[in-house]
Visitor: 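One structure is given below, represented as structure tokens, and several questions about it will come after.
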Number of protein chains: 2
Amino acid sequence: MRDVAKLAGVSHQTVSRVINDHPNVRAETRERVLAAMRSLNYRRNLAARTLATRESHTLGIIGFETTLFGPESMLYGIESAARAAGYLVSVATVRELAHRPVLEAVDRLAQHDVDGIIAIAPKPAVTTALTHAPTGLRCVAVGGAGSGIDPFPTVRVDNVAGARLATQHLLDLGHATVHHAAGPPDWPEAQARVDGWRETLYAAGAMVPPISPGWWDAAAGYEQGRRLANDPSVTAVFCANDRIALGVLRALHEAGRRVPDDVSVVGFDDMPDSGYFMPPLTTVHQDFGELGRRALALLLHHMSRGDGDAPPADVVVAPEIVARSSTAPCRR
Amino acid sequence: MRDVAKLAGVSHQTVSRVINDHPNVRAETRERVLAAMRSLNYRRNLAARTLATRESHTLGIIGFETTLFGPESMLYGIESAARAAGYLVSVATVRELAHRPVLEAVDRLAQHDVDGIIAIAPKPAVTTALTHAPTGLRCVAVGGAGSGIDPFPTVRVDNVAGARLATQHLLDLGHATVHHAAGPPDWPEAQARVDGWRETLYAAGAMVPPISPGWWDAAAGYEQGRRLANDPSVTAVFCANDRIALGVLRALHEAGRRVPDDVSVVGFDDMPDSGYFMPPLTTVHQDFGELGRRALALLLHHMSRGDGDAPPADVVVAPEIVARSSTAPCRR
DNA sequence: TTCGTGAGTGTTACCGTTCTCAACGTGCAC
DNA sequence: GTGCACGTTGAGAACGGTAACACTCACGAA
């Protein structure tokens, strides 16, 4: 920077002004400085800038190690939006969604002076750990089911509404009731899907079948599917996500129950290839990219407002159902 | 830091020594400093450290926006290994794998003083762009097919060997020849899989069927599958990845060709749920997490060696075949 | 005794920005 | 002509660490 100043015949301070688009610089001077910058191939040192301003122009993301489809794809939405806003994105992942590892992740990001944090927080342990972030460090949580009293602004899909959509879709097709292949009971998102499913059945006066605890992958779905396939009264199944649905489809197939002729199946997420399952899966679409972008916008908004007198906003994105061939009118 | 020094009754330099585990500090002094640090809740400012040492302890990853399965899961392998080595990971994604966007991504990371870059580089455009990185900035490319003259150390799976494995597996089952549902021809990885497939057929004296250009997703696989289903001579298909295989499976099913009774199908990647396709997919396993960890190890190694007199190492990871139920002996 | 050596510590400069404040025109109102 | 506001510029001090070097001992060898 000193070299640029010398070459342009100005002080280092004027160079700084040019870099930061300060208005009070004569056009001619600005040109001279810009020319010097170009000829010296000058690039501002962000570490020095961070030291002086206490702003790193870096955002942190806390994710978790998983093969879960959704959270991974969220990263891209966040990163591209952050880039557009002039931020770089740093990642800290945790192996398990517990208090301690999340605290360490926050700490790591804080040490690197991130200006804000977006945490993928499907379980409350993440959110509570976030409350111990250094004061002044803005956080936004994305995912989860929304307790209504979250300590942070939150972005999430309306899981209850999504489950309602799926269940109602099946009821509208004439099914007497809808069974549910549930996710893990200690995940609020899974619980919200159970809630939406159950209340829709209640409202319709339909019988509410029992559920059993599961997990998010196809193997767990297969187990659930075997259980359901044994029950001849099952004509419709709402699965907590598409991967579970994949397992359910296979279990039904093995048991000789045709989909959708004998049993209708609905998923949740709308994974990239679920339109090519056998048969193509009717599912509830979640736009993870959009979720990421909304989370970023919320974070930037809260960062710019300084200390938030505004209540922590809760952005809820509405899911929509994508009807394909795994659902059909009830034949009974 | 000054406050800590004052409280401990030492100079700031001694505090710095304690932080950096410098040996020449008396145990008692060290204790006093540590106590002061604790009581003041002191944390070193990494921006200042970066400014002074010109090392940010941050690594950059260049990825691309995609729903492709592999690259996403690599991030987690890299991040957790980087964390263990004391590095934070920053992400820069590009929308398209072209020269310009990659250059911009490198630039963004360089501005933030990353100590090294791991680029997910399935296409040569990425690697060539990387050669324009500032001198002294270490880069490692992961993915692609390996030209043998890469300007950078590279980590990748041996795609040719994987394709051989898949093709030979089918030939061993008695199939007269093996058809191929290819990926995009301008992706070296897809081309390498074609090469491995073709040379295995040659070696076996089998007829080499024509291929048609494709893409990486199930929709493209479905198109390829329809073409193959029309040809009654097809008894075995090797697909360029699992998503393509999913589409092929569906097309075969719709055409009334049973898998594996009439046609055997093999995929590539071993995605988390491909064991639950219908039928469970025989496929070539790629360990993306391991790939990420190897890439990181290679990067750290090259960073520590200073200016590399060593030739750019090429780490090639061997894939292995996972036999499931989508393949069976030929019935003709 | 004298000197060298090495452990332990402090002093000072420096990394490359931004911030604060002062200084210098210049034009305009009085 | 004087005073004043304002646009433009520069000098110097932060920001919070690390690097280089000097200094002070205690100790052992010459």
Side-chain angles (χ1 to χ4, degrees), chain A residues 1-37 40-58 86-88 107-108 110-115 134 136-137, chain B residues 1-37 40-58 86 88 107-108 110-115 134 136-137 306:
Chain A
M1 179 157 158
R2 201 182 44 215
D3 298 340
V4 171
K6 196 174 297 174
L7 181 61
V10 297
S11 74
H12 61 129
Q13 177 56 358
T14 300
V15 175
S16 173
R17 289 197 181 94
V18 170
I19 299 173
N20 296 311
D21 283 329
H22 193 93
N24 291 349
V25 177
R26 212 169 10 151
E28 183 217 333
T29 312
R30 179 189 313 279
E31 270 318 310
R32 227 168 48 232
V33 171
L34 287 174
M37 281 171 47
L40 290 178
N41 211 329
Y42 165 81
R43 313 161 90 192
R44 131 213 282 165
N45 179 321
L46 281 180
R49 177 182 222 252
T50 299
L51 183 58
T53 60
R54 303 162 164 289
E55 286 182 4
S56 67
H57 286 245
T58 303
Y87 288 90
L88 186 71
D107 200 65
R108 220 149 5 110
Q111 286 226 357
H112 280 264
D113 290 310
V114 297
D115 297 335
L137 183 56
Chain B
M1 179 156 157
R2 201 181 43 214
D3 299 339
V4 172
K6 197 173 300 174
L7 181 61
V10 297
S11 74
H12 60 131
Q13 178 60 328
T14 299
V15 176
S16 173
R17 289 196 181 96
V18 170
I19 298 174
N20 295 312
D21 282 328
H22 195 92
N24 292 347
V25 178
R26 208 166 14 145
E28 183 218 332
T29 312
R30 181 190 312 280
E31 270 317 310
R32 228 172 44 233
V33 171
L34 288 174
M37 280 170 49
L40 290 177
N41 211 327
Y42 166 82
R43 312 160 93 192
R44 127 211 285 163
N45 179 322
L46 280 180
R49 176 184 224 251
T50 299
L51 183 57
T53 61
R54 304 165 161 287
E55 287 181 5
S56 66
H57 286 245
T58 302
L88 186 71
D107 201 64
R108 221 148 5 108
Q111 288 226 355
H112 281 263
D113 291 309
V114 296
D115 297 334
L137 183 56

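Chain naming here is simple, since letters A, B, ... match the order of the sequence lines and numbering starts at 1 in each. Hydrogens, waters and symmetry mates are skipped; everything else that's a heavy atom, side chains included, is used.
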Visitor: Both A:Val15 and B:Ala52 contact DNA chain C. Which one's nearest nucleotide lies toward the 5' end?
Guide: B:Ala52
Visitor: Rounded to whole Å, please give me the gap between CD in A:Glu31 and C1' in D:dT8.
Guide: 17 Å
Visitor: Listed by chain and number, what are the side-chain contact (heavy atoms from CB on, under 4.5 Å) partners of A:Arg49, not counting sequence neighbours?
Guide: A:Asn20, A:Arg44, A:Leu46, A:Thr53, A:His57
Visitor: Which heavy-atom pair separates A:Val4 from A:Val33 by the least distance, and what is that distance?
Guide: CG1-O, 4.1 Å
Visitor: Nearest whole angstrom, please: distance from the P of D:dG10 to the NE2 of A:His12.
Guide: 9 Å
Visitor: Quick one: closest heavy-atom pair of A:Ala5 and A:Ser11, and the distance?
Guide: CB-C, 3.6 Å
Visitor: Side chain of B:Leu51 only, please: which of D:dT18, D:dG16, D:dA11 is the nearest?
Guide: D:dG16
Visitor: For A:Arg17, answer base if it contacts any base atom (sugar-phosphate contacts may also be present), sugar-phosphate if it contacts only those atoms, and nothing otherwise; contact means non-hydrogen atoms under 4.0 Å.
Guide: base
Visitor: What is the distance, to the nearest angstrom, from the CG atom on A:Leu46 to the C1' atom on D:dC15?
Guide: 15 Å
Visitor: Between B:Arg44 and D:dG17, is there a side-chain N or O to OP1/OP2 distance below 4.0 Å?
Guide: no
Visitor: So does B:Glu55 get a backbone contact from the side chain of B:Asp115, meaning a donor-acceptor N/O pair under 3.5 Å?
Guide: no
Visitor: For B:Arg54 and D:dG17, what is the distance between atoms CZ and P respectively, to the nearest whole Å?
Guide: 18 Å
Visitor: Could you report the tightest heavy-atom contact between A:Tyr87 and A:Thr58, atom names first, then the distance?
Guide: CD2-N, 3.8 Å
Visitor: Chain A on DNA chain C: first and last contacting nucleotide, 5' to 3', under 4.0 Å to a heavy atom?
Guide: C:dG16 to C:dT20
Visitor: Rounded to whole angstroms, how far apart are CG on B:Asn20 and P on D:dA20?
Guide: 13 Å
Visitor: Reckon B:Val10 touches a base, only the sugar-phosphate, or nothing at all at heavy-atom distances under 4.0 Å?
Guide: sugar-phosphate
Visitor: NA contact type, A:Arg30, heavy-atom cut-off 4.0 Å: base, sugar-phosphate, or nothing?
Guide: nothing
Visitor: Show the nearest heavy-atom pair for residues A:Ala47 and B:Leu51, with the distance to one decimal.
Guide: CB-N, 4.1 Å
Visitor: Give B:Thr29 one of three labels, base, sugar-phosphate or nothing, depending on what nucleic acid heavy atoms sit under 4.0 Å from its own.
Guide: sugar-phosphate
Visitor: To the nearest angstrom, how far is B:Gln13 atom CD from D:dA20 atom P?
Guide: 11 Å
Visitor: side-chain contact (heavy atoms from CB on, under 4.5 Å) with A:Arg54: which residues, sequence neighbours excluded?
Guide: none
Visitor: Mind calculating the distance between CG (B:Asp3) and P (D:dG16) to the nearest angstrom?
Guide: 9 Å
Visitor: Considering every strand and a 4.0 Å limit on heavy-atom distances, what is the contact class for A:Asn24: base, sugar-phosphate, or nothing?
Guide: base
Visitor: For A:Arg2, which contact category applies under a 4.0 Å heavy-atom criterion: base, sugar-phosphate, or nothing?
Guide: nothing
Visitor: Within this structure, what is the CG-to-C1' distance between B:Asn45 and D:dA14, rounded to whole angstrom?
Guide: 13 Å
